[in-house]
Amino acid sequence: MSKILIVDDDLEISGLLLKLLSRKNYEVFIASSGADAIQIFNSNQIDLIVTDIVMPEIGGLEVIRIVRGINESLPIIAMSGGALINSGTYLTMAKQLGAKYAFQKPFDLNEFSLAVQSLIG
Amino acid sequence: MDISAQLLQSYSVNFDKLIYPVILLDGEYIIYSNREAIRLFNCDLPERQKNSLIYYVDDSYMDLMRNRFENLKNGLQVPAQFTLGMKISNSILVFIAISLDISLDGIKYTHLVFYPSPEKEEMEQSTSEPKTIGANLNFLNKLIDTIPNPIYYKNLDGVYIGCNQAFVEFMGVGKEKLLGKKPHDMPSIILANIYHDGDMNLITNKKSEIYEGKARDAKGEIRDVMYYKTVFHDSKGILGGMVCTMIDITRQKEARRELKESEVRVKLALEASMLGLWDLNLSRHTIYLSPEYHIILGYSPNEFQPKLEEWLSSFYDYNNNKIELLSGSLHTIREKIDEKQYKVKTKDGSFKWVLLKGKIIEQAYSKYEYRITGTIRDISAQKEAELAVQESEMRFRSVLEASNDAIAILLNDITLVYWNKKATALFGYAQDELFKVGGFTQLFAPDDWHKFYQILSGAMLNSEQTTVEISMKNANNMIIPALVTITPILIKREVNLVLTIKDLSTEIKAMEEKKKLEEQLRHAQKMETIGTLAGGIAHDFNNILTPILGYTQMAMSDLPDQSPLLEDLQHVYKAAGRARDLVKQILTFSRRLETEKLVIFAHLIINEVVGLITATIPTNIRINKKIHAKNDQVFIAPTQLHQVIMNICTNAYQAMKEDGGVLTIELDVLDQLSIEETSSTGLASGQYVRMKIGDTGKGIDPSIMSRIFEPFFTTKSVGEGTGLGLSVAHGIIKDSNGSIQVKSTINFGTEFTVYLPKSKEETTEIKTSKSGFDAKKYKAILVDDDNDVLSLLKKVMLSMGFYVSDFIKSENARQFIQKDIHSFDLLITDQIMPDVQGIDLVKLAKELKPGIKTILITGYSAGLTDENAKKSGVDKFLLKPIIIDNFAETLAQIFS
């Protein structure tokens, strides 16, 4: 069973994705901050990280950079509410940092599921 | 009928039947000839020159004749008898002429009777009928009776031996009573002795006498009389007696006296009214100017003696041009000289205004002489005043004409009598087109006029200035919104209305424009707010929408296809979808707002970008930021500049992703471009902000170098880049009148150079000047006895980066200064405190460390003048209440 780490300070979103991905038989970990995420990532064999970008303290970009420092090929999906001036840039940067997919919230769950499926089967 | 006509009638009645020629002369001119004279002398010719007696007199008698006429001018002659040769059809006939001068109404006439001379009679005796003495005598009596002057003659004893009818009438004594008597024989003759003695005296002295005396006429009135007396001799040459002609000159004397009086009156009047007199005789070519005339022209009396022609051309017009008076024919004289204003040159050469009045005088005495006489009056003062009034009126008129507002003047019956140029231009009517009753109302639509008339009437009634905004209309019926100020003024006890009409069209337009601008501004502000709001809420909103949409979607997929809930959830999903689209729209919209150009500091954007990328780029890439100048204002949309720098940095970072390297960002301000730069960029001369962004990456292949700014050109794999980054950057910089250049060497790296024109304006964001101030280096002592103020100031200073030692007790502060001042850079102290005053702390600090900066906080500190404080070493003042922005600024200034 593939392990997916969901990082978002909004628990409604992580809860939704937990429900969605659990049904598809993934083991889902939830982190509500960048720091949590790094900790969970370090202590579990995570196959996919789905991370929000705009979060207090350690943001999503930082999370991606750190993870990339540890694991160059781990699939990462970025997502953002994307309301900041440079939100487009954030998602672009996330991809530049190595996220395979970047989703603008709110996104279609089917598309999201397909993206997950394409990355970890 | 005048005297001469009367005389002529009486002559023709009495003398036409006479057998001797009789002629009556006015001077030398014949005014009457009897039939015999006409027959004999052929002297009834109409031509004037032939009416002169001289024409008929033989040349040898000419001197005698001329002499006589000459004497006649000086006074009447005694009756005389002389020989006169007359020209009669180529021969000369000699007559004994008896002449008698008479005077009627001041005109002297000479009466001539021609008797055949004795020699002639003897010569013709055989052929002509002999004439008796008796006949002669009878004729003579008849003759003298026709003469209106009293004539008498006496013998040697003074006895009346003859008189004429005029004498009888004058004395009031019948001829029969008179003849053969002496004057004093008749009791009715008063002054008889005097008459008698005078006559006897003449006879005794055997002479002629002319003198003026008195005589009493039949009515008892004393008359002034000229006596012409002479003795006569009989045919044998023996003294026979005396003859006297009396001419009553009472009337003339009176007339002369009256004339004299009136002359004096005229003279006084002329003097009093400063009227000068002039008198031209055009026939004789003479001119007379009165003393007043001379005085008017600044001469002493009779000093100015022009010839007629000189006088006629001594007048000038308004522009000092000479005018020829009477230059036309005689017929135009009258109108030309009839009361006109001229200028004349005075003795000192200056000009003077005069009023000239004149009149042609035709004299009965000599119809063929033209005289023009008139007055001259000095009207300089009056004219000057008149010109001054004209000038002042002109000035006021020009003020009105120059006015930028339309000005109109109405009489109290609303008749337009004046309006200025601006008014005619505004309303499009000809100058006087509306100067008639009802004309002014044409400037209004009927309803507006009704309203305006009420206001006009009100203003007139209350004599009150009134201002009203009303619609008027021009000649083309176009509406002109106007602000009309009505000012009633009193002219000759009648109310006139001065209207100042201000065309509000442009103002209303401007107001509308302003309104529009305000609207736009408000709109922009609203948009900005929405933009900020959108930016602020969209993130949260999207987060909210995500579970709504997600759970709905999941619930829908969980339900069996036939579930009635499915449709309901579809509605939820659709609605949430609409909310998502709305947020998207708002975001799109707020991005559009971000493209507004502002004056900003380029290095701040660089700092922002560097801050952003530092967190994201791998550690094997070092960032080297070199800001050489901070006066780098550019006019560009901040987000666009952000995008440009970000895009170039992204490219740089990607070029070094694998092997790492150095990202160099360099900024400087150029006063002018180098020749090389000018030619490569094609930019105009001027100041530019130059940003160089370089990497030490793999470099750009020369084969694709020319295509890097093309849209959608990318070397990156799908998903890594859009291929739009550099083309967008190129577009943005070009749009801001800048240039973007690239240099690259394979395996050594690439350098992009961005040129943007340096903006001369201050930045839109002024606060940045403070951010340039780095307080981290400075240590400060802060003293204030008010705890709130102290903690506030401390907080501000800490936030700026100061190291702060604060004291609430001034004495503690004093001790601290004494001990530790050397490690501090700044002392900020309140002035009014218990124990030690702020100024004393400043003094102490300066004494111990002269280089220390000091700021004194004061309220209304009595007795502490600026000068005093400065002397004590205070560098800056802060006034209570302290405004934080001012405080921060003061801190920045004191270390700049």
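Residue numbering restarts at 1 for every chain, and letters A, B, ... go by the order of the sequence lines.
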Can you confirm whether more than 12 heavy atoms, excluding those of [X], are under 6.0 Å from its [atom1] atom?
| X | atom1 | result |
| --- | --- | --- |
| A:Lys100 | NZ | no |
| A:Gln39 | CD | no |
| A:Tyr26 | OH | yes |

- Part of A:Arg23 within contact of chain B (heavy atom distance under 4.5 Å): side chain
- Item | Side chain, backbone, both or neither of A:Lys19 within contact of chain B (heavy atoms, under 4.5 Å) |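 Looking at A:Lys19, backbone and side chain both touch chain B.
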When rounded to the nearest 0.5 angstrom, what distance separates [atom1] in [X] from [atom2] in [Y]?
| X | Y | atom1 | atom2 | value |
| --- | --- | --- | --- | --- |
| A:Phe107 | B:Gln553 | CZ | CD | 10.0 Å |
| B:Ser557 | A:Leu109 | OG | CG | 8.5 Å |
| B:Thr546 | A:Phe103 | OG1 | CZ | 12.0 Å |

For residues 29-36 of chain A, which side-chain N or O atoms pair as donor and acceptor with protein atoms under 3.5 Å away, sequence neighbours left out?
from	atom 1	to	atom 2	distance (Å)
A:Ser32	OG	A:Asp36	OD2	3.4
A:Ser33	OG	A:Asp36	N	3.1

- Note on the structure: Sequence neighbours excluded, the answer for side-chain hydrogen bond (donor to acceptor under 3.5 Å, both in side chains) partners of A:Thr51 is none
- Would you please name every residue forming a side-chain hydrogen bond (donor to acceptor under 3.5 Å, both in side chains) with B:Lys734, sequence neighbours left out? none
- Under 4.5 Å, heavy atom to heavy atom: which of residues 6-16 of chain A reach chain B? Give them by number, or say none. A:Asp10, A:Glu12, A:Ile13, A:Gly15, A:Leu16
- side chain to side chain contact (heavy atoms under 4.5 Å, CB included) between B:Asn543 and A:Lys105, worked out: CA-CA 7 Å; B:Asn543 281 345; A:Lys105 292 179 192 170; 2.8 Å; yes
